[in-house]
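Have a look at the structure below before the remarks.
The basis for the numbers below is simple: all heavy atoms, side chains too, and nothing from hydrogens, waters or symmetry mates. All residue numbers refer to positions in the sequence shown, counting from 1.
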Amino acid sequence: MAILDLIGSSEKFRALLQDIEMIAPVDSAVLIQGETGTGKEVIARAIHEGSPRRHNRFVALNCAAIPSALLESELFGHERGAYTGAVAQTMGRFQSADRGTLFLDEIGDLPLELQPKLLRALQEKQFERLGGSHTLHVDVRVIAATNQDLGRMVRERKFRADLYYRLNVFPMTLPPLRERRDDISVLVEHFVQKFAQRQGKRIDSIPDETMDVLKWHDWPGNIRELQNVIERAVVMTTGPVLSLQTTEHMKREGAAAPIRANADAPPAPISTLVDAERAHITATLRQTNGVVGGPRGAAALLGMARTTLIHKMGRLGISSQASGPRTRDSKREFVSVSGAHMEAAAAGAC
């Protein structure tokens with residue numbers, strides 16, 4: 001499923017789409033929270049495109065990118081002579097977004113002294129330009145976003161409580177990419193085709209080893225980081241198969257290091273990506289005492305379907321004994337979940 005640049009099919013992604021469909025038709029304020037690179041502006045644009053305001057402008061302003069002294073003018077505009085260098089009357093973002101949507105990114109960086117004026121504009125839908133006395137009336141829907149904890153900032157008196165509650169009518173929290181691992185493969189394919197077309201290349205396939213490294217990276221920069229990695233991979237690719245060099249670059253940066261169940265244990269020597277995957281699955285099985293299915297099983301910890309894990313175990317030659325000692329109860333669960341399937345997987349039938 002894809003709406004604009006929204007790509008994915010995981011459970012958390014589907015829940016996000018439901019929220020967008022619910023809030024888009026109404027005019028309530030939205031506060032989008034999430035880590036850097038999770039796509040907050042993309043979600044804001046999707047809300048705008050699903051709203052009755054979609055035929056009017058979507059105006060974006062990053063509150064952290066504008067110096068504090070100029071931010072009021074950017075938001076509300078200024079009159080000629082309002083400050084040194086103001087040689088003409090200028091329209092602000094609020095007026096530009098009239099009858100449309102104003103997206104305020106990094107709202108946590110909005111200076112405290114400017115917050116009362118923003119609150120008035122939200123509540124009364126009116127404001128004055130900097131240096132002016134004439135009141136302007138606008139009809140603007142505001143969507144705000146932040147990667148900060150605004151609730152904590154309110155408690156620490158770094159953000160006004162009344163503005164926070166006015167913005168937080170419909171809160172949305174975007175999951176980081178590491179919690180959407182089922183979506184990584186489709187995102188990779190989307191970005192590969194996007195950048196291949198842009199660069200005039202034809203890339204028909206992605207090696208399994210490359211996809212495995214991409215799926216198990218933690219992605220601290222989330223979708224933005226993934227997009228940049230794929231763009232670099234397409235640049236480095238000279239044939240129809242996506243270059244493996246991109247994963248080698250990630251390993252040199254420490255990006256592709258496998259997650260170990262015991263962080264204090266020394267890393268096992270790994271010679272290939274297949275060995276890395278085998279070691280990671282085996283370590284996870286030890287952590288769960290051999291349990292594959294269930295909410296605390298290895299499949300859940302690895303972020304994949306139980307049948308997918310069973311197939312990988314068969315392909316990699318991982319048997320139930322590889323997980324180490326198990327209690328009687330956990331052994332029973334392991335056998336009941338995967339017993340018949342393991343033999344089929346090992347034979348290539350699963």
**Item:** Residue pair Trp219, Leu214: steps toward the side-chain contact (heavy atoms from CB on, under 4.5 Å) verdict
**Value:** CA-CA 9 Å; Trp219 299 114; Leu214 295 171; 3.8 Å; yes
**Asked** Does atom CD of Gln197 have more than 12 heavy-atom neighbours, drawn from other residues, nucleotides or ligands, at distances under 6.0 Å?
**Response** no
**Request:** Kindly give the heavy-atom pair with the smallest separation between Gly108 and Thr146, and that separation in Å.
**Result:** N-OG1, 4.0 Å
**Request:** Check whether any side-chain heavy atom of Met211 sits under 4.5 Å from a side-chain heavy atom of Val188, and report yes or no.
**Result:** yes
**Prompt:** With a 4.5 Å limit on heavy-atom distance, are the side chains of Met304 and Arg181 in contact?
**Reply:** no
**Message:** Treating Asn62 as the side-chain partner and Ala64 as the backbone partner, does any N or O pair qualify as donor plus acceptor under 3.5 Å?
**Reply:** yes
**N-O pairing of Lys312 and Asp212 below 4.0 Å** = yes
**Asked** Could Arg129 and Glu79 be called an ion pair, given the rule that one side-chain N must be under 4.0 Å from one carboxylate O?
**Response** yes
**Asked** Would Glu35 and Arg178 satisfy salt bridge (charged side-chain N to carboxylate O under 4.0 Å, His left out), going step by step from the backbone distance to the final call?
**Response** CA-CA 11 Å; Glu35 296 179 8; Arg178 61 182 173 276; 2.5 Å; yes
**Asked** Residues two or more places apart in sequence or in another chain: which of them pass salt bridge (Lys or Arg N to Asp or Glu O under 4.0 Å) with Glu231?
**Response** none
**Asked** For Lys158, does the NZ atom sit with more than 12 other heavy atoms under 6.0 Å from it, leaving out its own atoms?
**Response** no
**Request:** Look at atom CZ of Arg80 and say whether more than 12 heavy atoms of other residues, nucleotides or ligands are closer to it than 6.0 Å.
**Result:** no
**Message:** Would the distance check show the side chain of Asp109 and the main-chain N or O of Cys63 forming a donor-acceptor pair, the cut-off being under 3.5 Å?
**Reply:** no
**Message:** Is the shortest side-chain heavy-atom distance between His137 and Lys125 below 4.5 Å?
**Reply:** no
**Prompt:** When you look at His217 and Leu226, which way does the side-chain contact (heavy atoms from CB on, under 4.5 Å) test go after all the steps?
**Reply:** CA-CA 10 Å; His217 180 43; Leu226 173 63; over 6 Å; no
**Asked** Are the side chain of Thr237 and the backbone of Ser243 linked by a donor-acceptor contact shorter than 3.5 Å?
**Response** yes
**Asked** Just how far is it from atom CZ of Arg232 to atom CE of Met236, taken to the nearest 0.5 Å?
**Response** 7.5 Å
**Request:** Evaluate the side-chain proximity of Thr38 to Pro175: yes if any heavy-atom separation is below 4.5 Å, no if none is.
**Result:** no
**Phe127 and Phe94 aromatic ring geometry - parallel, tilted or perpendicular at 30°/60° bounds** = tilted
**Prompt:** Quick one: does Leu71's side chain get under 4.5 Å of Pro111's, heavy atoms only?
**Reply:** yes
**Prompt:** Does Arg14 come within less than 4.0 Å of Asp19, counting only side-chain N to carboxylate O?
**Reply:** no
**Message:** With a 3.5 Å distance limit and no angle check, can you tell me whether Ser96 reaches the backbone of Gly92 through a side-chain donor-acceptor pair?
**Reply:** yes
Show me the donor-acceptor pairs, under 3.5 Å and distance only, between side chains in residues 113-120 and residues at least two apart or in other chains.
| from | atom 1 | to | atom 2 | distance (Å) |
| --- | --- | --- | --- | --- |
| Gln115 | OE1 | Arg160 | N | 2.8 |
| Gln115 | NE2 | Leu110 | O | 3.0 |
| Lys117 | NZ | Glu72 | OE2 | 2.9 |
| Lys117 | NZ | Glu128 | O | 2.8 |
| Arg120 | NH1 | Glu128 | OE1 | 2.9 |
| Arg120 | NH1 | Glu128 | OE2 | 3.2 |
| Arg120 | NH2 | Glu128 | OE2 | 3.2 |

**Asked** Can you list every salt bridge (charged side-chain N to carboxylate O under 4.0 Å, His left out) pair that touches residues 139-149, not counting sequence neighbours?
**Response** Arg53-Asp139
**Prompt:** Are any side-chain N or O atoms of Lys40 and backbone N or O atoms of Gly34, one a donor and one an acceptor, separated by less than 3.5 Å?
**Reply:** yes
**Prompt:** Are any of the side-chain heavy atoms of Leu150 and Leu31 separated by less than 4.5 Å?
**Reply:** yes
**Message:** Other residues, nucleotides and ligands only: do more than 12 of their heavy atoms fall within 6.0 Å of CD on Gln148?
**Reply:** yes
**Prompt:** When rounded to the nearest 0.5 angstrom, what distance separates CZ in Phe76 from CD in Gln126?
**Reply:** 11.5 Å
**Test item: Lys12 side-chain N/O and Glu179 main-chain N/O as donor-acceptor pair under 3.5 Å** = no
**Asked** Does any non-hydrogen side-chain atom of Val292 lie less than 4.5 Å from one of Leu285?
**Response** yes
**Ionic contact status for Glu49 with Arg45, cut-off 4.0 Å** = no
**Request:** For the residue pair Ile7 and Phe13, establish whether any side-chain heavy-atom pair is separated by less than 4.5 Å.
**Result:** no
**Prompt:** With no hydrogens and no angle check, is any side-chain donor or acceptor of Asp98 less than 3.5 Å from a backbone partner on Val138?
**Reply:** no
**Asked** Is the closest basic N to carboxylate O distance between Asp204 and Arg202 below 4.0 Å?
**Response** yes
**Item:** Within one Ile-Leu-Val-Met-Phe-Trp-Tyr cluster: Leu104 and Met172, side-chain cutoff 4.5 Å
**Value:** no
